[in-house]
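Here's the structure we're looking at; comments come further down.
Just the heavy atoms: all of them, side chains too, but no hydrogens, waters or symmetry mates, feed the values below.
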Amino acid sequence: MQIEVGNLGFDALAFGEPDGELVLLLHGFPQSAHSWRLVWPGLVEHGYRVVAPDQRGYSPSARPLDVSAYAMPELVGDVLGMLDALGASRVHLVGHDWGAAVAWQVAARHPDRVHTLTAVSVPHPVAFTEALASDEDQRQRSQYMRLFQVEGKAEEVLLRDDRSGLRTFFGGAEASADVERYLADMNEPGRLTACLNWYRAASRSSVEDFPAVTVPTLHVWSDGDLALGRTAAEATASHVDGPYRFAELPGVSHWIPEEAPDQLVALLLEHLRQRPAA
């Protein structure tokens with residue numbers, strides 16, 4: 001299906017009965033809705049309506065040119081617009097990687113639209129910002145972001161030698177992540193630059209005056225994640241006021257939805273039964 005939000009059209013995959021509770025799955029870099037292919041069947045089997053969009057920059061009809069178009073308020077607006085277009089007053093929001101970063105923002109700033117939040121891999125934005133400032137381990141893990149923010153240079157490095165830089169980004173996860181599918185997607189004109197614009201538009205202002213997260217929240221982190229360390233993952237609990245669970249997956253890499261889908265689905269099915277406080 002395609003979801004129309006303003007003048008943008010988001011390609012999306014939709015499964016389940018239309019009257020089921022909506023679960024919106026938000027992917028990260030450099031993937032697509034395809035990354036959830038092993039997760040949505042387990043949710044649909046339990047009666048949920050599942051929609052997985054290709055996000056801004058990943059959908060050809062939602063690919064503005066200006067870097068500023070990828071700022072966090074725009075990304076949050078996309079999610080709210082999708083909910084309106086889908087006729088959903090509330091949603092179970094699940095995000096991985098950049099999708100989790102957006103999901104944190106939506107849940108914190110618009111709790112009236114969210115039944116539950118599940119953040120896969122990425123910790124609370126303030127916990128991550130604090131870890132960048134104080135934890136040398138996290139600073140080292142995040143060095144790649146500096147490259148991604150350099151227009152032209154990042155594209156050159158990632159695409160050289162038949163996209164070997166992008167392939168390396170998956171850190172040996174080829175057995176579980178559908179790497180060649182994601183690399184082929186980057187052949188679309190302008191797609192890689194648009195996806196990198198998420199990093200280039202990132203600003204510390206997005207964590208200023210960050211509201212307390214009050215909706216039931218599940219944070220799923222894996223100790224084999226090369227990009228996101230333990231410090232921010234464990235500190236996330238102090239930034240959530242609502243019901244909270246931290247689930248650590250040992251021996252799993254960053255690519256949790258593809259590497260550990262059964263474990264993730266089991267966690268989700270338990271979590272989605274919760275409801276926000278009245």
Any chance the side chains of [X] and [Y] put a donor and an acceptor closer than 3.5 Å?
X      : Y      : answer
Ser59  : Asp54  : no
Thr116 : His92  : yes
Gln138 : Thr231 : no
His271 : Gln274 : yes

Could you tell me whether the side chain of [X] and the main chain of [Y] form a donor-acceptor pair under 3.5 Å?
X      : Y      : answer
Gln143 : Arg139 : yes
Ser206 : Met72  : no
Arg49  : Val23  : no
Arg90  : Leu22  : no
His115 : Glu21  : no
Asp135 : Leu132 : no
Ser222 : Gly224 : no
Arg56  : Pro64  : no
Trp221 : Leu228 : yes
Thr217 : Val213 : no

Task: Shortest non-hydrogen contact from Val150 toward Arg146 - done: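 For Val150 and Arg146, the tightest heavy-atom pair comes out as CG2-O, 3.4 Å.
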Treat each ILVMFWY residue as a node, draw an edge where side-chain heavy atoms are under 4.5 Å apart, and state whether [X] and [Y] are in one component.
X      : Y      : value
Ile256 : Val179 : no
Phe10  : Leu86  : yes
Phe170 : Met145 : yes

TODO: Could you please spell out the steps behind the side chain to side chain donor-acceptor pair (under 3.5 Å) verdict for Asp97 and His27?
DONE: CA-CA 7 Å; Asp97 190 79; His27 69 84; over 6 Å; no
Open item on the list: One thing to verify: whether Arg113 and Asp84 come together as a salt bridge, which I'm taking to mean a side-chain N less than 4.0 angstrom from a carboxylate O.
Closed with: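 A salt bridge links Asp84 with Arg113.
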Open item on the list: What I want to find out is whether Glu208 reaches Arg204 closely enough, with some N-O distance under 4.0 Å, to be called a salt bridge.
Closed with: no
Taking the six-membered ring for Trp, is the centroid-to-centroid distance between [X] and [Y] below 6.0 Å?
X      : Y      : value
Tyr48  : Phe15  : no
His254 : His96  : yes
Phe29  : Tyr182 : no
His124 : Phe210 : yes
Tyr70  : Tyr199 : no

- [ ] For the residue pair Val220 and Ser121, establish whether any side-chain heavy-atom pair is separated by less than 4.5 Å.
- [x]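 SC-SC contact between Val220 and Ser121 ruled out.
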Task: Non-hydrogen side-chain atoms of Val76 and Arg109 separated by less than 4.5 Å - done: no
- [ ] Assess whether side chain to side chain contact (heavy atoms under 4.5 Å, CB included) is satisfied between Phe148 and Val157, documenting all intermediate values.
- [x] CA-CA 9 Å; Phe148 285 8; Val157 170; over 6 Å; no
Task: Verdict with supporting geometry, Val51 and Val91, side chain to side chain contact (heavy atoms under 4.5 Å, CB included) - done: CA-CA 10 Å; Val51 176; Val91 67; over 6 Å; no
TODO: Verify salt bridge (charged side-chain N to carboxylate O under 4.0 Å, His left out) between Glu155 and Arg200, making sure each step is shown before the conclusion.
DONE: CA-CA 13 Å; Glu155 287 88 338; Arg200 294 163 184 167; 2.9 Å; yes
- [ ] Take Leu25 and Val50, measure what side chain to side chain contact (heavy atoms under 4.5 Å, CB included) needs, and give me the verdict at the end.
- [x] CA-CA 7 Å; Leu25 304 176; Val50 178; 3.5 Å; yes
